[in-house]
Amino acid sequence: MNFLKKQENWIQTILKQNGYEVENVILIPSGKPEFGEFQYNGIMALAKKNQENPQELAKKIAEQLKQNENFEKVSVAGPGFINLTFSCSSLLKYSEELLLEENWFEKKESKKIIIDYGGPNVAKILHVGHLRSANIGEALKRLAKCLGHDVIGDVHLGDYGLQMGMVMLEIQTRYPNLSCFQADYQKEKVEDLPITNNDLIELYPIASKKAKEDEKVMEQARNITYLLQQNHPGYKALWRSIMDISLQDMKEVYEKLSVSFDLWQGESDAEKIIPEMMEYLNQKNIIKESEGAKIIDVALDTDKLAVPPLLLIKSNHTVSYETTDLATIWERKKIYNPDEIWYVVDKRQELHFTQVFRASKKADILNDSTKLEFIGFGTMNGKDGKPFKTRDGGVMSLRNLLELVKEETKKNMIDSIKGEEREKISEVIAIGTIKFADFLSHRSTDYIFDPEKFCDANGKTGPFILYSTIRMRSLIEKAGNKEVHFTKLKGTSDKKVLLQILNFQKVLENSFSSKSLHEITDYLYHLNNIYNNFYSENRILTENDEALQNTWIALTKLVFKMNQTLLQILAIEIPNRM
Ligand code: ARG
């Protein structure tokens, strides 16, 4: 078991033996290492509760903690802090175990979790918001898997709403003679569709502008959306063909990002479920009519801000975004019966999910045994503090962003990487750079994307971690394949690395419970900084003391393995060189 946890449990037992019941003991890295490496701060509260003198109590407990051979020093400071210093031998032993261990994740429970992330919209540009969802969702999925959960990732395409009607109307206006617009059309797909994905992406803003400016055009777009939802053969075939074009492009982009989905479901998959669900909702008697629309009231007396009713069927008979999400819950419950469903979506959609979650509970589609969680994220902004745009003010597409960061990356790469290799490696680094930056703050905060800052190999950045990882790998290679063990420490910067390693499991657990990857990027940064200090302080490959040298190589292997594992969770690839 995790070393730190073991010590915490042991201290808990000691407290219990002394008649103090505490829920848990948490050792935190000490702010003042000269007094101790870790601290236990729980004594003060305990003394207060039992009306005892905290310093006396701390001293009494500290005396008993000295029995543990894992502690080299136990002391009391201030009003009753207990400071602990670990013995080198205990750290060496634990590190050795970790290095040999194949599977070093503690798997406590296994829940079935569906993660809804990505959420790209068919026929629309993949922009930086979708990038955040893909990055965060993929990493959370990998983290949950490492911790033993059974996870299903679903891309949940936006493939059903008004945007489809708009784009199809624009296609019809441009190409009225296409086969699918003729009467009695019966084919699966449109063979004569003269359109690429780039065309689609250009079409949408034009179509949307036209519809917004002219109510008649909007009406036509709504009508096409309605016909599509009614399975009109021509529009359905056109829809299928648009899906093919768009999906091919999306899959390419996701592959580049090392993002993969178990399910490629979308809003349109709700179609087959809606009639059954409507019947059920009718029986439940919770649907209301309002100005020609069908709604479900979801407001609660306790609401501080008004939560409007969920719009189930619009007055023009089309299905809303809320309905497709409600139906998707219905289907996920029926097929997978998950313990949890997570939605990794822009935080500005929180109200939508509040409505959907409440409706699903109110209608008993889900009971309390399935937890729904909205994992909202903030906006990636430009230096002006506004949502990130291209230089000429357009939507920052994922491709644009990638190009921009690639250019910046190339400035810092060694000259000997040339031609095609330079292209490939700069792309791998650029993606790592973007992801690392994306994870740096708590997911819910907005942040400013500053390419120069995020590419700086000396900063808290992806390139810094990648560079340090590559250097470790090269040291391991230079040291040859000899077997190394943890046997001896100098007790200076090398001990600091081993102490940092103790936090690994906690970092994963904290990251999992906050559903935010910043805990992992933070940890990677600290671990690598501490390792790099150790690296520059010692001449590992020319060290004469063999036991020390062996330990240092083993230590490098262990940190390298941790970097590999954490970067794998973040879905960041390690280039061969940079
Ligand atoms: N397609 C949506 C958008 O671009 C995101 C989908 C999020 N997932 C969901 N189940 N609604 O805004």
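Residue numbers run from 1 in the order of the sequence given. Counting starts at 1 for both ligands and their atoms, in listed order.
Judged as a side-chain contact (heavy atoms from CB on, under 4.5 Å), and not counting sequence neighbours, L305 has no contacts. Scored by the ring pair (Phe, Tyr, Trp, His ring centres under 6.0 Å) test, F449 finds F388, F454 as partners (sequence neighbours excluded).
Summarising the geometry, atom OG belonging to S514 is positioned 5.0 Å from atom NE2 belonging to H442; distances are rounded to the nearest 0.5 Å.
Each salt bridge (Lys or Arg N to Asp or Glu O under 4.0 Å) pair with one or both residues in residues 294-304, not counting sequence neighbours, appears once here: K288-D297, E289-K294, D303-R358.
In this pair, F261 and Y117 present their aromatic rings tilted. The plane angle is within the 30 to 60° band.
Geometric assessment of K460 against the ring of F464 yields a negative cation-pi assignment under the 6.0 Å and 45° thresholds.
Protein residues having a heavy atom under 4.0 Å from any atom of ligand 1 are D116, G119, N121, H130, H156, Y321, D325, Y343, V345, Q349, F353, listed by chain and number.
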